[in-house]
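The next block holds one structure in the form of structure tokens; read it before the comments.
We number each residue from 1, following the sequence as shown. We use all heavy atoms of the structure for the numbers below, so side chains are in, but hydrogens, waters and symmetry mates are not.
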Amino acid sequence: MRILKATQDAGEAPSLVWHAMDEGDKALCGARVPDAPPAPNDAGERYCPACMNRVDTHVTPVAEKTAGPRG
């Protein structure tokens, strides 16, 4: 599982945007994310759509075990 780090959204209402990290300070979407997350003022939180798309296409779900005969 990849580590998530937050950046401050540059929009009008301050909010945190969570990114899935690739290596170092680089997110899967290519953004550079500092170590210390910014502190939003009464802000919302959301996930970076580009990072989440990369996670969805690169993570293979774990197969579920099915009940069957023991032997």
Of all heavy-atom pairs between [X] and [Y], which one has the smallest distance, and what is that distance?
X     : Y     : value
Met52 : Tyr47 : CG-CB, 3.6 Å
Leu28 : Arg54 : O-NH1, 2.9 Å
Ala20 : Val55 : CB-CG2, 3.6 Å

Notebook entry, point to check: Are any non-hydrogen side-chain atoms of Asp25 and Pro34 less than 4.5 angstrom apart?
Noted result: no
Next item on the list: Indicate, with yes or no, if Val17 and Leu4 share a hydrophobic cluster defined by side-chain heavy-atom contacts under 4.5 Å among Ile, Leu, Val, Met, Phe, Trp and Tyr.
Entry: no
Check: Which value, rounded to the nearest 0.5 Å, describes the distance between Arg32 atom CZ and Lys5 atom NZ?
Finding: 10.5 Å
Check: Going from NE2 on His19 to SG on Cys51, what distance comes out if it is rounded to the nearest 0.5 angstrom?
Finding: 6.0 Å
